[in-house]
Undergrad: 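One structure follows; several queries about it will come next.
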Amino acid sequence: MTSRTGLAQPGAHRAGWRRGRALGPVMLLGAALVTIGTAFTACTIDSGVFSDNSVLTPKTPPAFDTPLPIPPLAESQVVDGVRVFSLTAQEGRMQFFEGMTTPTWGFNGDYLGPTLRADRGEKVAVEVSNELTEATTVHWHGMHLPAAMDGGPHQPIEPGRGWRPEWQIDQPAATLWYHPHPHGQTEEHVMRGLAGMFILDDGESDSFGLPAEYGVDDIPLIVQDKKFRSDGQFQLDSQGNEVGLLGNVVLTNGAWGSVLDVITEQVRLRILNGSSARTYDFVLEDGSDFALVASDGGLLEAPVVTDHVRLSPGERAEIVVRMAPGTQTMLRSVPPDLGNVAVPAAYGGTDNFDVLLLRAAAELRPSPVIASRFTAIERFTESDVDNTRTFAVQNREINGRRMDVNRIDEVVQVDSTELWEVTNRDLFPHNWHVHDVQFQVLDIDGEQPPPELLGWKDTIYLEPRKVYRIVMRFEDYVDDDKPYMIHCHLLLHEDEGLMSQFVVSTDEPRRNLDDGDPIGGHGH
């Protein structure tokens with residue numbers, strides 16, 4: 001059993017954050033971090049929390065003195081030119097509260113999983129074993145690979161069985177991740193602890209002066225919000241919230257109230273929103289700028305100097321923070337701009353969380369100067385587009401349909417560039433994740449996307465009633481029988497049917513099929 005104790009409870013919060021430099025009033029919440037819309041009838045118990053027999057919330061602010069756990073780099077062996085990793089999905093136990101044990105799931109351990117790391121051009125294989133009591137899958141989120149290796153609902157791993165996907169890394173350096181994708185159960189499997197990072201490297205990205213020593217100045221951060229029941233177990237039910245479960249505590253790499261001791265002038269934080277429903281807006285508590293250097297699919301064309309980055313579930317960002325000797329600052333999530341949603345407070349739009357304390361040593365090792373420009377990104381234009389598709393996201397449906405694992409919804413022609421127009425027609429949050437390829441944001445409601453959305457993306461937040469036009473190219477991996485997924489990455493929405501399937505084919509492109517095609521049914 002692994003013990004990572006320390007209650008992470010913001011004491012002072014900044015509310016009313018606005019873009020730019022403006023700071024809202026400081027709010028001292030004191031004893032409890034309360035998720036809006038949830039009332040607690042509390043009594044004191046020995047673990048130092050309040051309880052209403054269903055939900056726990058901290059009784060006192062945290063010390064933020066728990067060393068940040070760093071997921072270990074996964075061991076691998078090169079066999080016949082293939083780099084082979086091993087992952088085992090297994091049950092575990094953790095102590096998130098002092099004196100209280102939580103049943104968990106993890107890969108190769110009690111909670112979360114090791115960081116897989118490979119170079120562009122390498123062939124990799126992952127030997128996955130399932131020691132759980134129910135079937136699961138492992139999806140390589142953000143990875144360009146054959147559909148049969150994607151790890152979606154069509155590649156289940158039964159208890160006691162294994163799966164060995166193999167593919168060649170053929171994309172730029174990036175921070176990706178892996179997680180389960182069983183249809184109807186993804187939220188539960190991820191919330192129990194099955195997730196980890198998959199970092200890709202290439203020779204070019206090593207030349208830009210970015211911090212690159214894993215666990216020292218290059219730090220993975222898997223950020224997840226949780227609720228706990230009075231018996232210490234995870235609260236898994238969304239309790240009627242339209243977007244899914246919104247937790248009242250935040251874990252960072254599986255720890256609550258953690259601190260990172262910084263020993264270099266600059267530190268690179270690879271931030272993954274691993275939550276099932278919550279959108280974060282990450283800032284430094286003093287309002288300092290940092291350099292945003294990468295989004296989902298890799299480096300931007302140049303560092304973007306900013307003071308915040310919004311991430312919806314599944315999105316990633318790499319930021320570089322510069323610190324002065326002997327100083328400290330808190331990485332915090334302030335109320336995110338969710339767009340024109342109804343009742344933002346119901347969807348986390350007024351919540352503050354302290355995430356990670358950054359504490360600089362009295363003397364810091366010098367860091368290289370970061371390049372002012374990275375690799376040029378060739379932008380798609382409308383003249384590049386071979387086919388356009390329209391997607392309406394509403395309730396738990398895409399274009400009026402709920403997910404059917406036996407139906408193909410879209411047929412994409414190989415060696416083609418597609419423009420997808422995506423609209424969230426609800427007045428609550430959604431986002432949009434595409435398997436297989438990274439896309440570019442052409443425009444949002446006809447306006448140029450902000451600088452942070454000018455890189456490669458595989459997941460994007462959908463503000464209500466806005467039209468997001470995204471462009472992507474499908475160059476290979478034809479398979480008429482094995483589909484890729486398109487879905488909302490708010491995991492409750494995905495589980496309840498807000499997902500559809502497409503195949504990459506030599507057939508002519510088809511869209512919005514009246515009745516859909518059965519798996520393997522088109523072009524035969």
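Numbers here are sequence positions counted from 1. Everything quoted here is computed from the prediction, not taken from an experiment.
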Undergrad: Does Arg278 pair with Asp351 as a salt bridge, N-O distance under 4.0 Å?
TA: yes
Undergrad: Without hydrogens or angle criteria, can the side chains of Ser312 and Glu315 be said to hold a donor-acceptor pair below 3.5 Å?
TA: yes
Undergrad: With no hydrogens and no angle check, just 3.5 Å: does a side-chain donor-acceptor pair link Gln171 and His144?
TA: no
Undergrad: How would you list, by chain and number, every residue that makes a side chain to side chain donor-acceptor pair (under 3.5 Å) with Glu166, sequence neighbours excluded?
TA: Arg164
Undergrad: Classify the side-chain pair Tyr214/Thr115 by whether it contains a donor and acceptor separated by less than 3.5 Å.
TA: yes
Undergrad: Tell me if a side-chain donor or acceptor on Ser505 pairs with a main-chain N or O of Gln413 at a distance below 3.5 Å.
TA: no
Undergrad: Is the closest side-chain heavy-atom distance between Trp167 and Val124 below 4.5 Å?
TA: yes
Undergrad: Could you tell me if Gln224 and Ser275 have a donor-acceptor pair between their side chains, going purely by distance under 3.5 Å?
TA: no
Undergrad: So which pairs with a foot in residues 185-202 pass salt bridge (charged side-chain N to carboxylate O under 4.0 Å, His left out), sequence neighbours left out?
TA: Arg117-Asp201, Glu188-Arg192
Undergrad: Do Thr388 and Glu418 meet the criterion of a side-chain donor-acceptor pair at a distance under 3.5 Å?
TA: no
Undergrad: So, for Phe474 and Phe502, is the gap between ring centers shorter than 6.0 Å?
TA: yes
Undergrad: Could you give me the CA-CA distance, side-chain angles and deciding distance for Glu410 and Ser500, then say whether side chain to side chain donor-acceptor pair (under 3.5 Å) is met?
TA: CA-CA 8 Å; Glu410 310 285 340; Ser500 65; 5.6 Å; no
Undergrad: Looking at every heavy atom in both Ile157 and Arg161, which two are closest together, and how far apart are they?
TA: CG2-O, 3.5 Å
Undergrad: Distance alone, cut at 3.5 Å: any donor-acceptor contact between the side chains of Gln155 and Thr137?
TA: no
Undergrad: Do the rings of Phe428 and His493 sit parallel, tilted or perpendicular, given the 30° and 60° boundaries?
TA: perpendicular
Undergrad: Does CZ in Arg402 sit with more than 12 non-hydrogen atoms of other residues, nucleotides or ligands closer than 6.0 Å?
TA: yes
Undergrad: Strictly by modelled atom types, are Glu134 and His189 linked by a side-chain donor-acceptor pair under 3.5 Å?
TA: yes
Undergrad: Looking at every non-hydrogen atom in both residues, tell me the closest pair between Ala212 and Arg268 and how far apart they are.
TA: CA-NH1, 4.4 Å
Undergrad: For residues Thr459 and Asn431, is any side-chain donor paired with an opposing acceptor at under 3.5 Å?
TA: no
Undergrad: What distance do Asp296 atom CG and His433 atom NE2 have between them, rounded to the nearest 0.5 Å?
TA: 9.0 Å
Undergrad: Heavy atoms only: give me the nearest Asp225-Gly247 pair and the separation to one decimal.
TA: OD2-N, 2.6 Å
Undergrad: Kindly give the heavy-atom pair with the smallest separation between Asp218 and Arg270, and that separation in Å.
TA: OD1-NE, 2.7 Å
Undergrad: Indicate whether any N or O donor in one side chain lies under 3.5 Å from an N or O acceptor in the other, for His183 and Asp495.
TA: no
Undergrad: Checking the side chain of Asn253 only, and the main-chain atoms of Ile222 only, is there a donor and an acceptor separated by less than 3.5 Å?
TA: yes
Undergrad: Mind checking whether Leu453 and Ile460 have side chains closer than 4.5 Å, heavy atoms only?
TA: yes
Undergrad: Is the gap between the ring centers of Tyr484 and Tyr477 under 6.0 Å?
TA: no
Undergrad: What about the rings of Trp177 and Trp140, do their centers lie closer together than 6.0 Å?
TA: no
Undergrad: Can you tell whether the side chains of Glu242 and Arg396 come within less than 4.0 Å, N to carboxylate O?
TA: yes
Undergrad: Do you see a donor-acceptor pair shorter than 3.5 Å between the side chains of His179 and His139?
TA: no
Undergrad: At what distance, to the nearest 0.5 angstrom, does CG of Asp281 lie from NE2 of His308?
TA: 5.5 Å
Undergrad: Assess the residue pair His141 and Asp458 against the criterion (side chain to side chain donor-acceptor pair (under 3.5 Å)); give the C-alpha distance rounded to whole Å, side-chain angles, the decisive distance to 0.1 Å, and a yes or no.
TA: CA-CA 8 Å; His141 183 125; Asp458 56 58; 3.0 Å; yes
Undergrad: Where do Tyr111 and Thr102 land on the side chain to side chain donor-acceptor pair (under 3.5 Å) test, with the steps shown first?
TA: CA-CA 10 Å; Tyr111 187 77; Thr102 300; over 6 Å; no
Undergrad: Check whether the side chains of His154 and His181 place a donor and an acceptor atom closer than 3.5 Å, and report yes or no.
TA: no
Undergrad: Looking only at heavy atoms, what is the nearest atom pair of Arg473 and Val437, with distance?
TA: O-CG1, 3.4 Å
Undergrad: Between Ser383 and Thr381, does any side-chain donor sit less than 3.5 Å from a side-chain acceptor?
TA: yes
Undergrad: Mind checking what makes salt bridge (Lys or Arg N to Asp or Glu O under 4.0 Å) contact with Arg83, not counting sequence neighbours?
TA: Glu122
Undergrad: Please give me the minimum heavy-atom distance between Ala302 and Ser372, naming the atom from each residue.
TA: CB-O, 3.4 Å
